[in-house]
Amino acid sequence: MSLLKINNLAKIYNHRTVALDNVNLEIERGELVFLFGPNGAGKTTLFKLIILDERPTSGEIILDGISSLKIKAKKIPNFRQKIGMMFQDQRFLEKKDIFENLAISLRVLGEREKRVTKKVTETLGWVGLSGKRNSLPEELSDGERQKLSFARAIIRSPLLFLADEPTSGLDTLNSSYILELIQKINSLGTTVIVATNQFRLIENQPARVIRLDSGRIVE
């Protein structure tokens, strides 16, 4: 059974710039999918539409049975709780330590503090940041910031995990570690879509690869 359906999706900016053109896509529950294409292909735009950060010019997105054409604005925050988002634009609470950066995601859901502490501690251990819980984001290396971004995206156990260029700017070792984390979260049942322009990331991958270029799916 599919978790995500995208039907005839289009996004045009300023009435002339076509970011996405008639995109049709279906992602099964528990699937790992790589969305491969060059910079400017429309990968980030597609992610923004999936989380309803932007609205499509035309077409429909259906996530877990909820249609973008029918959802009311006041329901969108709850809708986004189903999605973990790891974007290139890492916006952390720079004056809060790593623990607090993760804890706030659970507190807004009304989780009890005992549960918050347990979940944050487990997640930090899972991504290899246990020793950094009292550090500020600015004190982290690029690889550690990416691990924090990953931790923040999965701490609420989302149905769908979106990773936009998760290994961009990382060395081979850190890239491999992030990819291992992505594969692990997928093995636990989370549906994952990874957007990348790096061929080495999809090379020899058993997962499905969808190619996007100039706003269209080409393969």
For [X] and [Y], indicate whether the former's side chain and the latter's backbone hold a donor-acceptor pair under 3.5 Å.
| X | Y | result |
| --- | --- | --- |
| Thr167 | Leu170 | no |
| Ser149 | Gln146 | no |
| Arg29 | Asp64 | no |

#### Entry: More than 12 heavy atoms from other groups under 6.0 Å of CZ on Arg200
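Counting other residues, nucleotides and ligands, CZ of Arg200 exceeds 12 neighbours.
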
### Query
Quick one: which of Val116, Thr123, Asn101 gives a side-chain contact (heavy atoms from CB on, under 4.5 Å) with Ile155?
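Result for side-chain contact (heavy atoms from CB on, under 4.5 Å) with Ile155: Thr123.
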
### Message
If you apply the rule side chain to side chain contact (heavy atoms under 4.5 Å, CB included), what do you find for Asn24 with Asn8, and how did you get there?
### Response
CA-CA 5 Å; Asn24 290 278; Asn8 305 315; 3.2 Å; yes

Could you check if a side-chain atom of [X] sits within less than 4.5 angstrom of a side-chain atom of [Y], using non-hydrogen atoms only?
| X | Y | answer |
| --- | --- | --- |
| Leu106 | Arg156 | yes |
| Leu46 | Leu9 | yes |
| Ile27 | Leu3 | no |
| Arg133 | Thr121 | yes |
| Ile182 | Leu32 | yes |
| Lys82 | Leu160 | no |
| Leu102 | Lys119 | no |
| Phe99 | Thr117 | yes |

In terms of hydrophobic clusters joined by side-chain contacts under 4.5 Å, are [X] and [Y] together?
| X | Y | value |
| --- | --- | --- |
| Ile98 | Leu136 | no |
| Leu52 | Ile12 | no |
| Phe79 | Ile6 | yes |
| Ile104 | Leu109 | yes |
| Leu4 | Ile51 | yes |

### Task
List the steps and the verdict of side chain to side chain contact (heavy atoms under 4.5 Å, CB included) for Gln205 and Gln183.
CA-CA 11 Å; Gln205 274 290 341; Gln183 292 169 331; 3.4 Å; yes

### Task
To the nearest 0.5 Å, tell me how far Phe161 CZ sits from Leu188 CG.
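Spacing of CZ (Phe161) from CG (Leu188) equals 12.5 Å.
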
### Query
If you measure from CZ on Arg145 to CZ on Phe92, what distance do you get to the nearest 0.5 Å?
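Reported to 0.5 Å precision, the distance equals 5.0 Å.
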
Salt-bridged, [X] to [Y], with N to O below 4.0 Å?
| X | Y | result |
| --- | --- | --- |
| Lys118 | Glu122 | yes |
| Lys132 | Glu139 | no |
| Glu180 | Lys147 | no |

### Message
Working note: Arg107 + Glu100, criterion salt bridge (Lys or Arg N to Asp or Glu O under 4.0 Å); need CA distance, chi angles, decisive distance, verdict.
### Response
CA-CA 10 Å; Arg107 289 178 181 142; Glu100 290 299 320; 2.6 Å; yes

### Query
Among all residues two or more places apart in sequence or in another chain, which pass the side-chain hydrogen bond (donor to acceptor under 3.5 Å, both in side chains) test with Glu54?
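Glu54 satisfies side-chain hydrogen bond (donor to acceptor under 3.5 Å, both in side chains) with Tyr13 only.
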
### Task
Please work out which of the three classes, parallel, tilted or perpendicular, describes the rings of Phe36 and Phe199, given edges at 30° and 60°.
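Rings of Phe199 and Phe36: perpendicular, over 60°.
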
